[in-house]
Peer 1: 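Got a structure for you, written out below as structure tokens; questions coming shortly.
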Amino acid sequence: MIRRIGVLTSGGDAPGMNAAIRAVTRSAIVKGLEVFGIHDGYLGMYENRIERLYRKSVSEKMRAGGTFLGTARLVEFDQAEVRQVALENLRNFNIEGLVVIGGDGSYRGGLALSKMGMPVVGVPGTIDNDIGGTDYTIGFDTAINTAVEAVDKLRDTSNSHRRCSIIEVMGRNRGDIAVWTAMAVGAEVCICKEFGFNLQEVIENVRRAAQSKRHAIIIVAENMVKVEELAQEISAHTPFEARATVLGHVQRGGSPTVRDRVFASVMGATAVEALLSGKDRHCVCYRDGKIVVMTFEEALVDDQTDLLEKFEIFKLLW
Ligand code: ADP
């Protein structure tokens, strides 16, 4: 029977991580456990920066963006010796189970740690929505709402000046932020890994928009094209002058939306339940409308079906 658990946030931060830490802490305390917060993810675990969390440690944290425990990237965590030091630190606190809140990289770290004997359960915290096993990751809703608000503002000025706005959004490996934002703002073009990129098609779409509108919007997922170069092409081959904007880390910040707070709360409490029922190397997922628990290996498989369905619909919305 587990009596003491640790919780950490790792990798890229996401709005809603605080609500997840709160849910882990509160639900574990209600079940009679002691909870320890690990600062700055695996880095703080390695450096032994661990503190006891109480009910009041997580008061007033839910509405704040970011993560009050801090997060970090520790590339060396793929080395067994580094993990061994981190594991000894957990053992010195008599920590017998760990909740990792983070993205796929953090899950890989958790998997490696659990193979050395520490039970680990993951909670999906990343704005990118890029964990295959789950239809939803904490932070995604806040990020897309931030992106849509920014694009709506750019559209106002774009329309006044007869411009084409090219907006690069985040999403390293998956186009979810780009696709959801593009649909929500009625963009002319969405460029992401799943939809592909064809310069000639983009130019034709923008030309078509120029026949009936004073502006055009192109949403681009990061790492797809150089947006400044694309702006030059659009300016040279369409009636619009094009301007590129990279939204960047603004998408990671802000007070979490209701959806992110509620998902974080449910998923955090579910992770504690999973640890208590003896689950290890598992993570909490939202799948087909239900909260479920599956193994890290299952969840780390990339699943793009949903995005491809959205592409078919996107093409109908002209
Ligand atoms: P995210 O969790 O948001 O995907 P990263 O990919 O940066 O973010 O991963 C977060 C951290 O997880 C890394 O800095 C590293 O400490 C750990 N990690 C990632 N991949 C591995 C791996 N294969 N083995 C061990 N630890 C890993």
Side-chain angles (χ1 to χ4, degrees), residues 12 126-130 139-254 257 302-318:
T126 163
I127 64 164
D128 292 350
N129 208 30
D130 62 351
F140 176 62
D141 191 55
T142 308
I144 51 178
N145 277 286
T146 301
V148 167
E149 195 185 331
V151 177
D152 282 347
K153 286 179 177 161
L154 282 167
R155 177 207 296 274
D156 291 342
T157 170
S158 175
N159 194 51
S160 307
H161 289 270
R162 269 191 163 274
R163 273 189 196 135
C164 170
S165 289
I166 302 170
I167 299 114
E168 182 185 294
V169 297
M170 292 183 92
R172 264 183 309 174
N173 307 312
R174 287 251 315 192
D176 286 60
I177 296 180
V179 174
W180 280 71
T181 303
M183 275 225 200
V185 301
E188 271 61 42
V189 179
C190 177
I191 300 170
C192 61
K193 192 176 77 178
E194 295 80 3
F195 290 14
F197 170 58
N198 177 322
L199 179 60
Q200 211 43 51
E201 262 177 37
V202 172
I203 288 171
E204 276 162 27
N205 283 356
V206 174
R207 279 191 185 144
R208 187 157 52 150
Q211 289 168 11
S212 60
K213 301 166 69 177
R214 289 179 59 87
H215 71 269
I217 306 276
I218 301 178
I219 305 294
V220 186
E222 64 183 321
N223 294 335
M224 281 300 294
V225 292
K226 293 202 165 63
V227 284
E228 292 293 346
E229 287 173 16
L230 181 61
Q232 284 170 12
E233 294 284 349
I234 300 289
S235 298
H237 298 107
T238 78
F240 289 125
E241 183 212 347
R243 291 280 174 95
T245 305
V246 177
L247 287 190
H249 282 166
V250 70
Q251 295 159 93
R252 287 248 192 95
T257 60
D302 199 12
D303 169 10
Q304 299 182 350
T305 357
D306 182 43
L307 272 192
L308 295 174
E309 281 166 15
K310 288 198 174 57
F311 186 37
E312 294 308 311
I313 293 166
F314 187 77
K315 289 191 291 189
L316 301 174
L317 300 180
W318 272 91

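All values below were derived from every heavy atom in this structure, side-chain atoms included, with hydrogens, water molecules and symmetry-related copies excluded.
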Peer 1: Supply the atom-to-atom distance Ile203 CD1 to Cys164 SG, rounded to the nearest 0.5 angstrom.
Peer 2: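 Answer rounded to 0.5 Å: 10.5 Å.
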Peer 1: What's the spacing between Ser158 OG and Glu241 CD if we round to 0.5 Å?
Peer 2: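 Ser158 atom OG to Glu241 atom CD measures 9.5 Å (nearest 0.5 Å).
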Peer 1: Return the CG to CD1 distance between Leu154 and Ile166, rounded to the nearest 0.5 Å.
Peer 2: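 Those atoms lie 11.5 Å apart.
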Peer 1: What are the two closest non-hydrogen atoms of Gly175 and Cys192, and how far apart are they?
Peer 2: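 Smallest heavy-atom distance, with atoms named: CA-CB, 4.0 Å.
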Peer 1: Find out whether Asp128 and Arg174 are in side-chain contact, i.e. whether some heavy atom of one side chain is under 4.5 Å from a heavy atom of the other.
Peer 2: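 The answer is no; the side chains never approach within 4.5 Å.
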Peer 1: How close do Leu247 and Ala147 get, heavy atom to heavy atom, and via which atoms?
Peer 2: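 The pair with the smallest heavy-atom distance is CD1-CA, 3.8 Å.
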Peer 1: Shortest non-hydrogen contact from Phe240 to Ala216?
Peer 2: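 In terms of heavy atoms, the two residues are closest at CE1-CB, 3.8 Å.
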Peer 1: Tell me, do Val202 and Phe197 make a side-chain contact under 4.5 Å, heavy atoms counted?
Peer 2: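 They are in side-chain contact.
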Peer 1: Which pair of heavy atoms, one from Thr146 and one from Gly253, lies closest together, and at what distance?
Peer 2: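 Residues Thr146 and Gly253, closest heavy atoms: OG1-O, 4.3 Å.
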Peer 1: Taking the side chain from Thr245 and the backbone from Ile167, do they hold a donor-acceptor pair closer than 3.5 Å?
Peer 2: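 No, because the side chain of Thr245 does not come within donor-acceptor range (under 3.5 Å) of the backbone of Ile167.
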Peer 1: Could you label the plane-to-plane angle of the Phe314 and Phe195 rings as parallel, tilted or perpendicular, counting under 30° as parallel and over 60° as perpendicular?
Peer 2: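 Answer is tilted, since the angle falls between 30° and 60°.
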Peer 1: For residues 219-231, which side-chain N or O atoms pair as donor and acceptor with protein atoms under 3.5 Å away, sequence neighbours left out?
Peer 2:
unit_1, atom_1, unit_2, atom_2, d
Glu222, OE2, Gly171, N, 2.8
Glu222, OE2, Arg172, N, 3.3

Peer 1: Just by modelled atom types, is the Ile217 backbone N or O under 3.5 Å from a matching donor or acceptor in the Ser165 side chain?
Peer 2: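 Checked: no pair found.
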Peer 1: Within the side chain of Arg155, is there an N or O that forms a donor-acceptor pair under 3.5 Å with the backbone of Val185?
Peer 2: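 Answer holds: yes.
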Peer 1: Side chains of Asp141 and Thr257: do they bring a donor and an acceptor to under 3.5 Å?
Peer 2: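 A donor-acceptor contact under 3.5 Å links the two side chains.
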Peer 1: If I compare all heavy atoms of Ala143 with all of Ile127, which pair ends up nearest, and what's the gap?
Peer 2: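 Shortest heavy-atom contact: CB-CB, 3.7 Å.
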Peer 1: With respect to Asp176, which candidate in Val169, Thr181, Leu307 satisfies the side-chain contact (heavy atoms from CB on, under 4.5 Å) definition?
Peer 2: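 So, applying the side-chain contact (heavy atoms from CB on, under 4.5 Å) to Asp176 and each of Val169, Thr181, Leu307, only Leu307 qualifies.
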Peer 1: Could you go through His237 and Leu199, starting from their C-alpha distance and side-chain angles, then the distance that decides it, and tell me whether this counts as side chain to side chain contact (heavy atoms under 4.5 Å, CB included)?
Peer 2: CA-CA 11 Å; His237 298 107; Leu199 179 60; over 6 Å; no
Peer 1: Would you call Glu149 and Lys153 a salt bridge, using N to O less than 4.0 angstrom?
Peer 2: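 Yes, charged N to carboxylate O under 4.0 Å.
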Peer 1: Carefully, step by step, assess Arg162 and Arg214 under the rule side chain to side chain contact (heavy atoms under 4.5 Å, CB included).
Peer 2: CA-CA 5 Å; Arg162 269 191 163 274; Arg214 289 179 59 87; 3.7 Å; yes
Peer 1: Quick one: do Glu194 and Lys310 make a salt bridge, cutoff under 4.0 Å?
Peer 2: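 Salt bridge absent between Glu194 and Lys310.
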Peer 1: Can you tell me how far apart CD (Gln200) and CD (Glu233) are? Round to the nearest 0.5 Å.
Peer 2: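 Spacing of CD (Gln200) from CD (Glu233) equals 9.0 Å.
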Peer 1: Hey, are the side chains of Thr157 and Arg243 touching, using non-hydrogen atoms and a 4.5 Å cut-off?
Peer 2: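 Not touching, per the 4.5 Å side-chain cut-off.
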Peer 1: Indicate yes or no for a side-chain donor-acceptor contact from Arg207 to the backbone of Pro239 under 3.5 Å, with no hydrogens or angles considered.
Peer 2: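 No; zero donor-acceptor contacts below 3.5 Å.
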Peer 1: So do the side chains of Met170 and Arg252 get within less than 4.5 Å of each other, counting heavy atoms only?
Peer 2: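 In contact.
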